[in-house]
Structures are given as C-alpha cells and as structure tokens.
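Working notes for the structure below.
Count residues from 1 along the sequence. Order of appearance sets the numbers: ligands from 1, and atoms from 1 within every ligand.
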Amino acid sequence: MGQRIDIQHLNVYYGDFLAVEDVNLNIDANKVTAFIGPSGCGKSTVLRTLDRMHEITPGAHVTGEVLLEGQNLYAKDVDPVAVRRDVGMVFQRPNPFPTMSIRQNVLAGVTLNNKRISKSDADDLVEWALRGANLWNEVKDRLDKPGIGLSGGQQQRLCIARAVAVHPKVLLMDEPCSALDPISTLAVEDLINELKKDYTIVIVTHNMQQAARIADYTAFFNLKAVGQPGHLEYFADTTTMFNNPQNEEAERYVSGRFG
Ligand SMILES: Nc1ncnc2c1ncn2[C@@H]1O[C@H](COP(=O)(O)OP(=O)(O)O)[C@@H](O)[C@H]1O
Ligand SMILES: [Mg+2]
C-alpha cells in the first residue's frame, strides 16, 4: 500500500539561496499528484526533498517537515538510505545501468540494499517487477541482454521496474516521459494509472494534457520573479485545476496565457 505524505512549512535552500518557500501540502496515499508550474519554480527541488535526494547537492538543506505516514523524514535518527528504500525515484532520462543486463538492472536496488536473495527468489522478483512495469512480455526472452539495448520507452519502464523491485511506498517521477515518443508516453501513463493501486505517486510534468490525463490532484507552483523563491500557489483536484481553478495565476497558466 502507498503511504501519505504531509509537507509542513518546507523551505529548501541551496547554500544561502532560498529556492522554495513555505510549502504546505498533503499528498494522498494511492493517488497520483502532479506538480506543474513554470521552469525554475522548484518542482524538482520539492520532489527531491521527499526522498532526501537533494542532500546529494553540497549545501542543499531544508527547514520544516516532511512526514511519511506521520514519521518525519528529517528526524535526527532517520537514515536517508532507508528513506530512499521507502520512496523510489524515476528520473527524466531513463538511466539503466549501462554494464548491466535487464535482469541485473531490475535487481540493482535490491543488491545495493545488501539483501541476500536466492536465485529462485530473484527470478520471481524479476518477473514480478517487470510484470508490474508492463514490460515482462517484451523482455522475458532476453533478460540477460543489456538494459541499454531496449528502446527509450522500454528503458523507462525498466527503470520503473527497478524502482518497484525494492517495494517502496511512494514513487516519485520527475518528467518521466519528457524523453519519450508519444506511444511510449502512453504506455508509461497507463502504467502510472495501474501503479497507484499499490503506491503513492508524485509526478512532475510540464505537459498539461498529461497532468489532466493521469493526476487525481494537481499542485501549481509559481515564482513571483526570477531570483525569488518558488512557492506553492494553488492546489486542487485535477478537474478543478483544469476546468474551474479558483486562482487567477493558475487559471492563466493552465489556459496557456502565462508570462
Ligand atoms: N543543484 C542546484 N544548485 C543550486 N541551485 C539549484 C539547484 N537545482 C535547482 N536550483 C535552483 O532552484 C530553483 C528551482 O529549481 P528547480 O527545482 O529545478 O525548478 P523546476 O523543476 O520547477 O524547473 C531554481 O532557481 C534553480 O536555479
Ligand atoms: Mg525540474
């Protein structure tokens, strides 16, 4: 099952630079929540704070809280590696490990987490994750071939299989379709729609149609001016966001009259 996320008074800094200011947002379990808004308003930054991935950037830090099912991810005794086991990330460009086979790619996170796993359990897990990512039928006869030999859309589904293989509670996706053709995009969108049964999904997208197609809720981030911190301007269920937003900036943005 997915877990809910509560973001409370979140500020994100890169060194002294306040990139995103005072975000308060509740993300429902087993739903798809989309982050939209103009470039530079902090969508990726906020997304990365949900699995502490921003900490890889030297000097990046947060104030405020991110609660996963009530537990603060930033509490002193919380191990960021454990956070990233519960909260998986799929990136903009498919990034299968280039030297690894399809099978090894699926198992990469599991092996990284130092779990010992028997050959037959590994076989079962590979099949389960690839079926979950809607990729099994396309690759079952070539599991030992390189992951990078797949098409872009297949590679992205392989990355999703790798993410679900560690049984996360939440899946974060940062523009997961922006490098894909329209057919692959629809395959990944179908998959996202199925995955929300089992996971909480947060997706950054610059594609309004995509948000309208797949998101249950949509968060519109905005920027007062370049150099100013981004903020959460408006949050609504997706139907309201696109048909009847109660916020002028959001209305301008979703109707394409922005800037
Ligand atoms: N690694 C980084 N180091 C310093 N500043 C960054 C870094 N990543 C993003 N920023 C800054 O944070 C702000 C938000 O960026 P980002 O989260 O990438 O926006 P979006 O994903 O909405 O386009 C921007 O001003 C950007 O320049
Ligand atoms: Mg971004």
Is the shortest distance from a heavy atom of [X] to ligand 1 less than 4.0 Å?
| X | value |
| --- | --- |
| F221 | no |
| G40 | yes |
| H54 | no |

message: I'd like to know whether the aromatic ring centres of F220 and Y253 sit less than 6.0 Å apart in this structure.
response: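 Between Y253 and F220, which both carry aromatic rings, the centre distance is below 6.0 Å.
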
- prompt: Does the side chain of F221 reach to within under 4.5 Å of the side chain of V23, using non-hydrogen atoms?
  reply: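 Yes. Closest side-chain heavy atoms under 4.5 Å.
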
- prompt: Would a 4.5 Å heavy-atom cut-off, applied to side chains only, mark L130 and V106 as touching?
  reply: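 Of all side-chain heavy-atom pairs linking V106 with L130, at least one is under 4.5 Å.
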
field: Fellow cluster residues of L67, listed by chain then number, with links counted only when side-chain atoms sit under 4.5 Å apart
entry: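 The other cluster members (ILVMFWY side chains, heavy atoms under 4.5 Å, direct or chained): none.
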
field: Spatial distance of atom CG (D198) from atom CG (N30) [nearest 0.5 Å]
entry: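 CG of N30 is found 7.5 Å from CG of D198.
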
Pairwise distance CD(Q3) to CD1(I5) - rounded to 0.5 angstrom: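 Taking CD in Q3 and CD1 in I5, the distance rounds to 9.0 Å.
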
As an exercise, identify every atom of ligand 1 less than 4.0 angstrom from a heavy atom of [X].
| X | answer |
| --- | --- |
| G42 | 14 (C), 16 (P), 17 (O), 19 (O), 20 (P), 22 (O) |
| C41 | 19 (O), 22 (O) |
| R48 | 8 (N) |
| F17 | 25 (O) |
| T57 | 1 (N) |

Are the charged groups of [X] and [Y] less than 4.0 angstrom apart, N to O?
| X | Y | result |
| --- | --- | --- |
| E189 | R213 | yes |
| K43 | E175 | no |
| R252 | E248 | no |

- prompt: Which of these, T49, T63, D22, sits in a side chain to side chain donor-acceptor pair (under 3.5 Å) with N11?
  reply: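 Output: one option passes, namely T63.
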
Quick check: closest heavy atoms across [X] and [Y], and the distance to 0.1 Å?
| X | Y | value |
| --- | --- | --- |
| V32 | K196 | CG2-CD, 3.8 Å |
| R48 | D51 | O-OD1, 3.1 Å |
| W128 | A165 | CZ3-CA, 4.4 Å |

message: If you scan the protein for heavy atoms around atom 14 (C) of ligand 1, do you find one that is closer than 4.0 Å?
response: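 Flag for atom 14 (C) of ligand 1 set to true, protein heavy atom closer than 4.0 Å.
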
task: Please indicate, with yes or no, if any protein heavy atom is found under 4.0 Å from atom 27 (O) of ligand 1?
output: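 No, there is none.
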
At what distance is the nearest protein heavy atom to [atom], and which residue and atom is it?
| atom | answer |
| --- | --- |
| atom 17 (O) of ligand 1 | T45 OG1, 2.5 Å |
| atom 18 (O) of ligand 1 | S44 CB, 4.1 Å |
| atom 4 (C) of ligand 1 | Y14 CG, 3.5 Å |

query: With a cut-off of 2.8 Å, which protein N/O/S atoms are close to the Mg ion (ligand 2), if we only count those under it?
result: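 The answer, once waters are left aside, is S44 OG.
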
task: Please indicate whether any nitrogen or oxygen in A19 is less than 3.5 Å from any nitrogen or oxygen in ligand 1.
output: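 There is no such contact.
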
